[in-house]
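Only one structure is covered here, and it is reproduced in the block below.
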Amino acid sequence: MPTKPARLCGCGRRVANGARCPCQRKVDAERKARFDKTRPNSSQRGYTGAWEKARKAFLRRKPRCARCGAEATVVDHITPHRGDQTLFWDQANWQPLCTHCHSGAKQREERRNTARNLK
Ligand SMILES: [Zn+2]
Ligand SMILES: [Zn+2]
């Protein structure tokens, strides 16, 4: 039975035809690792694409921070959505905030949560 001729890889190894040489597998793994590192996880992927678009459009319409009037860079959920998709995409629940006000708002919210958890 004729065996398939081995091919000579660029690295000098003889590899069965159609098989990946260990050196190629290493390159594949490295490429995949690099790709995985830059790629957000699956839930974030769905989230970022559509959210980024909606967020940018919203900030174009409302470019000023709702609290201090500075340039808004963040779309904040007035009522925290906590993964609730309806609340998340409800633009009536969105407000433009600058980074400063946004971090302040989030800190207050966290304090509220802490207080609630203590009860
Ligand atoms: Zn090779
Ligand atoms: Zn502000």
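When a ligand or atom number is given, it counts from 1 through the structure's own listing order.
C98 contributes SG and C101 contributes SG; the angle these two atoms make at the Zn ion (ligand 2) is 100°, rounded to 10°. Our summary of the site lists the angle at the Zn ion (ligand 2) between SG of C68 and SG of C65 as 110°, to the nearest 10 degrees.
Listed here is the closest heavy atom pair of A19 and R7: O-NH2, 3.0 Å.
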Using a 3.5 Å cut-off and no angle test, enumerate the donor-acceptor pairs between side-chain atoms of residues 54-61 and protein atoms at least two apart in sequence or in another chain.
{"residue": "R55", "atom": "NE", "partner": "E52", "partner atom": "OE2", "Å": "3.1"}
{"residue": "R55", "atom": "NH1", "partner": "T73", "partner atom": "O", "Å": "3.0"}
{"residue": "R55", "atom": "NH2", "partner": "E52", "partner atom": "OE1", "Å": "3.3"}
{"residue": "R61", "atom": "NH2", "partner": "Q91", "partner atom": "OE1", "Å": "3.0"}

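Using bins of under 30°, 30° to 60° and over 60° for the plane-to-plane angle, the ring pair W51/W94 lands in the perpendicular bin.
When D76, L87, T86 are each tested for a side chain to side chain contact (heavy atoms under 4.5 Å, CB included) with N93, only one passes: L87.
Counting only heavy atoms from C-beta outward, the side chains of C68 and H100 never approach each other to under 4.5 Å.
Remark: side-chain polar atoms of H77 are not paired, donor with acceptor, to backbone N or O of T79 under 3.5 angstrom.
Salt bridge absent: E30 and R34 never bring a charged side-chain N and a carboxylate O closer than 4.0 Å.
For the Zn ion (ligand 1), the tally of protein N/O/S atoms lying closer than 2.8 Å stands at 4.
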